[in-house]
Peer 1: 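Have a look at the structure that comes next, please.
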Amino acid sequence: MRVKNICCIGAGYVGGPTMTVIAQKCPNIKVTVVDINASRIAAWNNEELSKLPIFEPGLDEIVKDARGRNLFFSTDIDKAIDEADMIFISVNTPTKTYGKGKGMASDLKYVELCARQIARVSKSDKIVVEKSTLPVRTASAIKNILENTGNDVQFQILSNPEFLSEGTAVNDLLFPDRILIGGDNNERGQIAIQALVDIYSYWVPKERILKTNIWSSELSKLTANAFLAQRVSSINAISELCEKSGADVHEVANAIGMDSRIGSKFLKASVGFGGSCFQKDILNLVYIAKTYGLNEVADYWEQVIIMNEHQKNRFSNRIISTLYNTVSGKKITFFGWAFKKDTNDTRESAAIKVADNLLSEQAKISVYDPKVEEERVYADLEYLNSRNPDDNRELLTVQTNPYKASKDSHAIAILTEWDEFKTYDWQKIYRNMIKPAFVFDGRGILDIKKLEKIGFVCYKLGSGN
């Protein structure tokens with residue numbers, strides 16, 4: 001089967017970049033990305049590429065190359081579905097905040113709405129691709145909805161999970177470690193799988209395209225994220241031990257990372273992992289395990305989340321204790337609000353929890369992040385806590401200049417590993433701060449010895465020195 005038209009439902013952090021790369025690499029395929037959010041689609045269509053709704057290094061150039069040629073962004077979802085041979089579902093699957101599975105299971109209401117819309121609109125056979133991260137056996141639910149429409153349309157369901165790291169998403173798409181495609185083992189299923197293989201084969205070596213059954217594909221995504229998050233929580237647990245014992249977690253990580261059986265990736269001690277996937281996927285895995293009565297398995301993976309939350313609380317508690325056990329009325333500057341560098345995504349960012357903890361102690365917080373907008377910061381806080389939004393705005397301000405943000409501050413906390421923080425005139429920052437001036441490096445990116453020579457009192461996470 002040759003695919004001529006692709007529709008992607010969802011213009012977010014996965015759908016937008018993924019479809020942009022597919023459009024660039026497959027100029028003979030028309031790719032239409034649709035979303036109910038009109039302002040988001042307008043941003044994707046903005047002639048000023050700097051105003052794209054998602055910041056990813058290199059993304060703007062690829063959009064420029066493909067948009068208007070064979071890449072289109074639209075709110076006309078029905079039309080795109082009707083014209084498509086292949087439809088990607090790339091909508092949000094947040095953790096449920098209500099009912100059965102609250103706090104653990106994925107909320108699949110948006111996926112179900114997509115399936116019902118596809119079923120209602122479709123007049124010709126379609127391949128439907130799960131791109132969103134989904135619990136195991138979601139495909140069977142989608143298939144059940146699609147096959148009971150009465151429209152006499154044949155659907156094939158594929159699982160094609162994304163393995164993107166925000167900040168390097170474009171590189172991950174251009175040079176993937178693997179492309180995973182799961183589908184049925186019958187003849188129609190294999191034809192559908194091959195149709196998707198043919199698309200990726202335009203630029204991905206065939207040995208990196210893995211074909212599995214659909215359940216293995218769905219579970220592989222959850223497991224991959226769980227393993228990566230586990231490494232972060234593991235090294236963060238060791239960072240606390242290092243502080244008590246006099247060791248240096250960075251030296252420990254370097255030593256164990258040189259073991260070829262372990263490797264060095266995801267062994268960077270930090271204030272904690274964030275992003276849209278790790279916590280959500282682990283909680284989903286925990287819920288699945290509990291559903292099957294595998295309580296020991298569930299407890300094992302849940303500890304990864306517990307350790308991550310402990311690290312955030314430990315960091316904010318260290319700020320409070322170092323500042324003489326009170327931060328009430330004291331100004332603390334946050335350098336960074338995004339959950340990691342090179343992205344404007346703030347979902348589950350450690351900065352949100354640390355800020356919430358300090359605001360509860362009546363601290364005054366000044367935030368600077370090169371890519372996160374002011375209203376996003378306030379929205380993150382309002383989502384996390386039940387305080388009056390006016391109180392958040394009174395205690396927390398967002399600045400567009402790091403030197404203004406740090407003026408008259410008692411302490412600076414590094415919450416995102418932006419490279420630009422290393423290039424600042426730290427002597428100038430020190431001169432304009434309240435003395436003693438403290439730096440709490442939650443990402444391990446600064447030269448602590450140089451800062452101490454200037455006069456800063458520094459906290460290096462994971463060091464007993």
Side-chain angles (χ1 to χ4, degrees), residues 6-24 31-46 49-63 66-67 71 73 75 88-95 106-108 110-111 114 129-134 160-174 176 179-180 221-222 224-225 228-229 273-282 284 336-352 369-373 375-377 379-380 383 416 418:
I6 289 175
C7 164
C8 176
I9 305 176
Y13 282 89
V14 174
T18 302
M19 293 302 115
T20 297
V21 170
I22 287 178
Q24 186 199 45
V31 179
T32 305
V33 184
V34 294
D35 202 294
I36 60 173
N37 188 328
S39 61
R40 177 179 290 174
I41 292 298
W44 278 111
N45 284 321
N46 198 310
L49 294 171
S50 62
K51 294 185 178 180
L52 293 177
I54 294 168
F55 173 73
E56 279 289 338
L59 179 61
D60 53 352
E61 288 301 315
I62 300 179
V63 171
R67 192 176 62 187
L71 174 64
F73 297 92
T75 56
F88 287 79
I89 296 177
S90 190
V91 295
N92 194 20
T93 53
T95 301
S106 288
D107 191 338
L108 301 179
Y110 303 115
V111 174
C114 283
V129 184
E130 297 176 338
K131 200 66 183 173
S132 303
T133 302
L134 299 168
N160 176 220
E162 52 86 14
F163 295 100
L164 306 181
S165 179
E166 290 182 46
T168 61
V170 171
N171 192 70
D172 295 339
L173 287 163
L174 294 174
I179 297 293
L180 185 57
K221 168 62 178 177
L222 298 182
N225 279 347
L228 293 173
F273 61 74
S276 63
C277 290
F278 280 3
Q279 178 162 311
K280 178 188 71 172
D281 289 354
I282 294 172
N284 201 346
W337 191 265
F339 86 91
K340 64 183 292 189
K341 71 174 183 177
D342 293 334
T343 181
N344 59 350
D345 193 355
T346 66
R347 287 175 289 181
E348 302 295 343
S349 173
I352 305 171
D369 188 288
K371 292 296 178 182
V372 178
E373 296 182 353
E375 289 307 312
R376 179 71 265 161
V377 174
D380 289 336
Y383 180 80
T416 311
W418 287 102

Peer 1: side-chain contact (heavy atoms from CB on, under 4.5 Å) with S132: which residues, sequence neighbours excluded?
Peer 2: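 Scan of S132 (side-chain contact (heavy atoms from CB on, under 4.5 Å), adjacent residues dropped) gives I89, V91, T93, L134.
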Peer 1: For E162, which residues count as a side chain to side chain donor-acceptor pair (under 3.5 Å) partner, sequence neighbours excluded?
Peer 2: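 Checked E162 against side chain to side chain donor-acceptor pair (under 3.5 Å); matches are K221.
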Peer 1: Please list, chain by chain and in numerical order, all residues satisfying ring pair (Phe, Tyr, Trp, His ring centres under 6.0 Å) with Y13, sequence neighbours excluded.
Peer 2: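 Testing Y13 for ring pair (Phe, Tyr, Trp, His ring centres under 6.0 Å), a comparison that skips the adjacent residues, returns none.
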Peer 1: CD1 of I54 to OG1 of T343: how many Å apart, nearest 0.5 Å?
Peer 2: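 Reported value, rounded in 0.5 Å steps: 8.0 Å.
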Peer 1: Please enumerate all residues that pass side-chain contact (heavy atoms from CB on, under 4.5 Å) together with A224, with sequence neighbours excluded.
Peer 2: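 In terms of side-chain contact (heavy atoms from CB on, under 4.5 Å), with neighbours along the sequence ignored, A224 is linked to F163, R178.
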Peer 1: Below 4.5 Å, heavy atoms only, C-beta onward: do D380 and W337 meet side chain to side chain?
Peer 2: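 They are in contact (side-chain heavy atoms under 4.5 Å apart), so the answer is yes.
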Peer 1: side-chain contact (heavy atoms from CB on, under 4.5 Å) with N45: which residues, sequence neighbours excluded?
Peer 2: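 N45: side-chain contact (heavy atoms from CB on, under 4.5 Å) contacts with I41, R67, F73.
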Peer 1: Once rounded to the nearest 0.5 Å, what's the spacing between atom NZ of K131 and atom OG of S90?
Peer 2: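 So the gap between those two atoms works out to 8.0 Å.
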Peer 1: Hey, what do you get for CD1 (I9) to OG1 (T32), rounding to the nearest 0.5 Å?
Peer 2: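 Output value for this atom pair is 11.5 Å.
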Peer 1: Does T168 have any side chain to side chain donor-acceptor pair (under 3.5 Å) partners at least two apart in sequence or in another chain, and if so, which?
Peer 2: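 Per chain and number, T168 pairs via side chain to side chain donor-acceptor pair (under 3.5 Å) with D172.
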Peer 1: Return the set of residues passing ring pair (Phe, Tyr, Trp, His ring centres under 6.0 Å) with F339 (not counting sequence neighbours), or none when no residue passes.
Peer 2: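 F339 satisfies ring pair (Phe, Tyr, Trp, His ring centres under 6.0 Å) with no other residue.
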Peer 1: Quick one: side chain to side chain donor-acceptor pair (under 3.5 Å) partners of N37, sequence neighbours excluded?
Peer 2: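 N37: side chain to side chain donor-acceptor pair (under 3.5 Å) contacts with S39.
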Peer 1: What's the separation between atom OG in S276 and atom CG in N92, rounded to the nearest 0.5 Å?
Peer 2: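 Here the interatomic distance stands at 7.5 Å.
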Peer 1: So, using side-chain contact (heavy atoms from CB on, under 4.5 Å) as the criterion, who are the partners of D60 when residues are at least two apart?
Peer 2: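 D60: side-chain contact (heavy atoms from CB on, under 4.5 Å) contacts with L49, L52.
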Peer 1: Return the CG to CD distance between N344 and E56, rounded to the nearest 0.5 Å.
Peer 2: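 If I round to the nearest 0.5 Å, the distance is 8.5 Å.
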Peer 1: Tell me, yes or no, whether the heavy-atom count around F55 atom CZ, taken from other residues, nucleotides or ligands under 6.0 Å, exceeds 12.
Peer 2: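 Counting neighbours around CZ of F55, more than 12 heavy atoms of other residues, nucleotides or ligands fall under 6.0 Å, so yes.
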Peer 1: Taking atom CD1 of I36 as the centre, does the number of heavy atoms from other residues, nucleotides or ligands within less than 6.0 Å exceed 12?
Peer 2: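 Counting other residues, nucleotides and ligands, CD1 of I36 stays at 12 neighbours or fewer.
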Peer 1: Testing T95, D281, N284 for side-chain hydrogen bond (donor to acceptor under 3.5 Å, both in side chains) with S106, which one passes?
Peer 2: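 Only one option passes, and that is N284.
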Peer 1: Measure the spacing between NZ of K340 and CZ of F273 and express it to the nearest 0.5 Å.
Peer 2: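 Nearest 0.5 Å value for the NZ-CZ distance: 13.0 Å.
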Peer 1: Sequence neighbours excluded, which residues qualify as side chain to side chain donor-acceptor pair (under 3.5 Å) partners of K371?
Peer 2: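 Expected list: none.
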Peer 1: Under 3.5 Å, which donor-acceptor pairs do the side chains of residues 17-24 form with other protein atoms, sequence neighbours left out?
Peer 2:
unit_1: T18; atom_1: OG1; unit_2: V14; atom_2: O; d: 2.7
unit_1: T20; atom_1: OG1; unit_2: G16; atom_2: O; d: 2.7
unit_1: Q24; atom_1: NE2; unit_2: D65; atom_2: OD2; d: 3.4

Peer 1: What residues form a salt bridge (Lys or Arg N to Asp or Glu O under 4.0 Å) with R40, not counting sequence neighbours?
Peer 2: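 R40 satisfies salt bridge (Lys or Arg N to Asp or Glu O under 4.0 Å) with D35 only.
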Peer 1: On a heavy-atom basis, which atom in D369 and which in A338 lie closest, and how many Å separate them?
Peer 2: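 Between these two residues, the closest heavy atoms are OD2-N, 3.0 Å.
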